[in-house]
Amino acid sequence: MSNFTVNGVYSYTSANIYSYLGRVPVNSAALERAFDDFNITPTGSTNDLKKLNSAMYEEYSAQVQEQIKNQNNQQSIPWAGLCAQIGIQATGDYDKDYAAFNNAIQLLSQSAQDGQAMTYFAGLRSEAQRAFGLSNKPSDPESPISYQAYQWQFLS
């Protein structure tokens, strides 16, 4: 069992560190840096390790919640209004909605008799290029890193 000294004064055993953090840092400097990163003043008590774990988990949870929120915000459908103009309910599935839009606009264009309708459908096609552009195609959602991987950043 080894000891980790923080600020040249406070000592923590590797067993205590492991029991509270689930892993042991590579050296005393990494543990000291983790205390500094989370604004925890070491006292040599195991409560310091509890506070560090709690602070790390709180920050990790906040990051995961923010990531989930951002992914949900990306789920808003940029082409929903365009689809509604021709009577299609957008599902949020890019490929399905794009195919449904193209099929519907093709059918509607074939039945158009006057120049005004043709111009209207041409405008919708032009708008579709922007709405269904690659910048609006949702990417696969990223899964959040594990708490263990997050801890690794601070304890290595």
Side chains of residues 50-58: which donor-acceptor partners sit under 3.5 Å, not counting sequence neighbours?
{"unit_1": "Asn53", "atom_1": "OD1", "unit_2": "Tyr147", "atom_2": "OH", "d": "2.9"}

- request: Only pairs at least two apart or in different chains count here, so list each side chain to side chain donor-acceptor pair (under 3.5 Å) that has a residue in residues 17-31.
  value: none
- request: Would you tell me whether Asn3 and Thr13 have side-chain atoms, one donor and one acceptor, within less than 3.5 Å of each other?
  value: no
statement: Sequence neighbours excluded, the answer for ring-ring contact (aromatic ring centres under 6.0 Å, His included) partners of Phe4 is none
query: Has the side chain of Ser11 got a donor or acceptor atom that lies under 3.5 Å from a matching backbone atom of Thr5?
result: no
- request: Could you list the residues that satisfy side chain to side chain donor-acceptor pair (under 3.5 Å) with Gln106, not counting sequence neighbours?
  value: none
task: Nearest 0.5 Å please: distance from the CD atom of Gln129 over to the CG atom of Leu124.
output: 12.0 Å
task: Not counting sequence neighbours, which residues clear side chain to side chain donor-acceptor pair (under 3.5 Å) with Thr46? List them please.
output: none
query: If only atom types and distance count, is the side chain of Tyr12 paired as donor or acceptor with the main-chain N or O of Gly44 below 3.5 Å?
result: yes
- request: Answer yes if the ring centres of Trp79 and Tyr98 are under 6.0 angstrom apart, and no otherwise.
  value: no
Please report, to 0.1 Å, the donor-acceptor pairs under 3.5 Å made by any side chain of residues 29-40, with sequence neighbours excluded.
{"unit_1": "Glu32", "atom_1": "OE1", "unit_2": "Asn7", "atom_2": "N", "d": "3.1"}
{"unit_1": "Arg33", "atom_1": "NH2", "unit_2": "Ser156", "atom_2": "O", "d": "2.9"}

Residues 80-91 side chain polar contacts: donor-acceptor under 3.5 Å, at least two apart:
{"unit_1": "Gln85", "atom_1": "OE1", "unit_2": "Tyr120", "atom_2": "OH", "d": "3.4"}
{"unit_1": "Thr91", "atom_1": "OG1", "unit_2": "Asp93", "atom_2": "N", "d": "3.1"}
{"unit_1": "Thr91", "atom_1": "OG1", "unit_2": "Asp97", "atom_2": "OD1", "d": "2.9"}

